[in-house]
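Note that the structure is a prediction, hence the values are computed from the model and not measured. As the structure lists them, so they are numbered: ligands from 1, and atoms in each ligand from 1. The first residue of the sequence shown is numbered 1, and numbering continues consecutively from there.
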Amino acid sequence: MNMKWIIATNNKSKVKEFHKILPPLGIQAQSLAEAGISLEVEETGVSFEENALLKARACCARTGLPSVSDDSGLVVDALNGAPGIYSARYAATDAECNARVLREMEQVPDGEARHARFVCVIACVLPDGREFTVYGECHGQIAREERGENGFGYDPLFYAPEYGKTYGELTPEVKNEISHRAAALRAFAEKLKEMGIKQDDE
Ligand code: IMP
């Protein structure tokens, strides 16, 4: 039986990235929306790991299908790790979140002082009760202004010095090679292999 995995997120941009990155890793998956499932999970955890597990467990409990979730965010050194797990809730809208980070970073000099990382934890919960999390990150600097129309969330602020571009300016193909989500999804595929789990088994 070739049962599709469920991507336990309502974030359309994340789903799009999962759909680009997972098939080359040999994993077919569908989002909650594509499976016609409505699921809202309150993120009450105090870490990326806890929140990712909350979402994947709730999805697996609801659907009886193998579930993967993503909890991710922006961790800025000069802001003592903020917005961190509160990245989606740092302000009312993405634009306001970005404006808030820019405002809080106004006095921080250019270069490594503006270092930040994107963090992604993917949780996997299987109907037989097995579960695990994997981690991915990528590094950059907070730009002085938003640049680029690609991506989502904090991408227009996240400057990758090695490319001379923000993630908002990178093509989706390049972002999906180097991003925190790509790193976590690669670790996820490795972990499945290590555990001897093939998609067809589930
Ligand atoms: P979550 O849905 O609670 O995991 O919140 C993730 C939030 O982190 C998103 O709403 C974005 O603000 C931010 N974020 C996560 N991944 C990315 C990314 O790839 N680009 C830009 N922002 C991201």
Side-chain angles (χ1 to χ4, degrees), residues 6-22 31-33 39-59 67-76 79 81-105 115-125 133-143 145-160 163 165-188:
I6 302 282
I7 308 165
T9 181
N10 294 311
N11 181 321
K12 291 196 183 97
S13 305
K14 285 186 186 176
V15 169
K16 223 167 152 182
E17 293 189 3
F18 269 75
H19 276 327
K20 287 255 168 67
I21 302 169
L22 280 176
S31 67
L32 288 167
L39 181 71
E40 287 292 338
V41 181
E42 215 190 321
E43 297 188 16
T44 53
V46 296
S47 64
F48 290 109
E49 278 80 6
E50 277 183 29
N51 283 332
L53 275 169
L54 281 174
K55 292 185 264 192
R57 282 182 189 141
C59 181
S67 302
V68 279
S69 70
D70 160 317
D71 200 61
S72 46
L74 178 70
V75 176
V76 182
L79 302 180
I85 63 167
Y86 302 105
S87 291
R89 298 167 264 170
Y90 210 45
T93 63
D94 280 0
E96 287 172 51
C97 285
N98 287 348
R100 179 172 172 189
V101 170
L102 280 179
R103 201 169 53 242
E104 292 176 339
M105 294 289 288
H115 174 265
R117 65 204 149 92
F118 271 134
V119 166
C120 176
V121 171
I122 289 179
C124 170
V125 175
T133 59
V134 288
Y135 177 87
E137 65 178 18
C138 58
H139 297 265
Q141 295 170 2
I142 301 301
E145 59 188 13
E146 292 188 64
R147 285 201 341 232
E149 306 291 326
N150 296 335
F152 69 101
Y154 297 98
D155 280 339
L157 286 192
F158 196 79
Y159 177 72
Y163 289 86
K165 288 181 176 168
T166 69
Y167 274 34
E169 295 173 306
L170 291 178
T171 62
E173 287 70 28
V174 173
K175 181 186 171 190
N176 288 336
E177 272 295 312
I178 65 172
S179 78
H180 50 318
R181 191 159 296 104
L185 283 169
R186 278 194 290 266
F188 168 66

Engineer: Run through ligand 1 for me and note each protein residue having a heavy atom under 4.0 Å from it, chain first, then residue number.
Structural biologist: K14, E43, K55, D70, D71, S72, G73, S87, A88, F118, F152, G153, Y154, D155, K175, H180, R181
Engineer: Can you name the residues that form a salt bridge (charged side-chain N to carboxylate O under 4.0 Å, His left out) with R186, not counting sequence neighbours?
Structural biologist: none
Engineer: Backbone N or O of V174 within a donor-acceptor pair of the Y163 side chain at under 3.5 Å?
Structural biologist: no
Engineer: Using 30° and 60° as the class limits, which term best fits the ring planes of F118 and H180: parallel, tilted or perpendicular?
Structural biologist: parallel
Engineer: What closest approach, in Å, do S87 and G73 show between heavy atoms, and which atom pair accounts for it?
Structural biologist: OG-CA, 3.3 Å
Engineer: Not counting sequence neighbours, which residues clear side-chain contact (heavy atoms from CB on, under 4.5 Å) with A143? List them please.
Structural biologist: Y159, T166
Engineer: Which donor-acceptor pairs under 3.5 Å do the side chains of residues 45-52 make with protein atoms, sequence neighbours left out?
Structural biologist:
residue: S47; atom: OG; partner: E50; partner atom: N; Å: 3.0
residue: E50; atom: OE1; partner: V46; partner atom: N; Å: 3.1
residue: N51; atom: OD1; partner: G45; partner atom: N; Å: 2.7

